[in-house]
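The structure appears below as structure tokens.
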Amino acid sequence: MRHWGWALFGLLGCATTSETTTTPEAECATAPVLTWANFGQGFLIENCQACHASTSPNRQGAPTTVFFDREEDAWMWSERILERATGEQPDMPPQDGVDVEDRTRLRLWLTCGG
């Protein structure tokens, strides 16, 4: 009887996991094509460059070595951007104002490599 219980638990666990988990590859295969030109640059200008532009006169405490002027800058900091702006408890930008859909697009752009 004990073996049946573990088998049933294993099957239920697998069913639950497979129904709720999407792999990054599967998500990217169906995601809209997001690029620097059609999304990333505008998002960063609107939401990040007030503090993270190399020419920003008041960085509000943002590190002077972290700026998002060029696409290469965004890719260099992509893991940190994902963590801070799209993670479980995003804290960037600090003034918020970014809707869930734009945070999702940011995550897709940086994850899917558009």
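All of these numbers come straight from a predicted model, not from anything done at the bench. Any value given below was found using the heavy atoms of this structure, including those in side chains, with hydrogens, waters and symmetry copies removed.
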Handout entry: CG on L110 to CZ on R105, rounded to 0.5 Å
Key = 13.5 Å
Exercise for the section: State whether the number of non-hydrogen atoms from other residues, nucleotides or ligands found under 6.0 Å of E79 atom CD is greater than 12. Expected result: no
Handout entry: Side-chain heavy atoms of V33 within contact of T35, under 4.5 Å
Key = yes
Handout entry: OG1-CD distance between T111 and E25, expressed to the nearest 0.5 angstrom
Key = 11.0 Å
Handout entry: Student check: side-chain heavy atoms of R107 and T104 closer than 4.5 Å
Key = yes
Problem - Flag side-chain contact, heavy atom, 4.5 Å: C112 against L34 - result: no
Completion exercise
The reported gap from CD in Q89 to CD in E83 (rounded to nearest 0.5 angstrom) is 11.5 Å
Problem - Pairwise distance CD1(I81) to CG(L44) - rounded to 0.5 angstrom - result: 6.0 Å
Completion exercise
Between D69 and H52 the two heavy atoms that sit nearest each other are OD1-O, 4.1 Å
Handout entry: Heavy-atom closest contact (A53 atom, F67 atom, distance)
Key = C-CB, 4.0 Å
Exercise for the section: Give a yes or no answer on whether the side chain of N47 reaches the backbone of F43 with a donor-acceptor pair at less than 3.5 Å. Expected result: yes
Handout entry: For A62 against C51, the heavy-atom pair lying closest together
Key = CB-O, 3.6 Å
Problem - Side-chain (D102) to main-chain (D99) donor-acceptor, under 3.5 angstrom - result: no
Exercise for the section: Fit a plane to each ring of W75 and W109, take the angle between them on a 0 to 90° scale, and name the class: parallel (under 30°), tilted (30 to 60°) or perpendicular (over 60°). Expected result: tilted
Exercise for the section: Check for a donor-acceptor pair, side chain of S56 on one end and backbone N or O of A50 on the other, with a separation under 3.5 Å. Expected result: yes
Handout entry: Distance (rounded to the nearest 0.5 Å) between Q49 CD and D73 CG
Key = 9.0 Å
Handout entry: Side-chain touch Q41/E46, heavy atoms, less than 4.5 angstrom
Key = no
Handout entry: W77-I45 co-clustered via ILVMFWY side chain contacts under 4.5 Å
Key = no
Exercise for the section: Measure the shortest side-chain to side-chain distance between R84 and P90 over non-hydrogen atoms and say whether it is less than 4.5 angstrom. Expected result: no
Handout entry: 4.5 Å side-chain heavy-atom contact, F68 and S54
Key = no
Problem - Hydrophobic cluster identity match, L82 and W36, side-chain contacts under 4.5 Å - result: yes
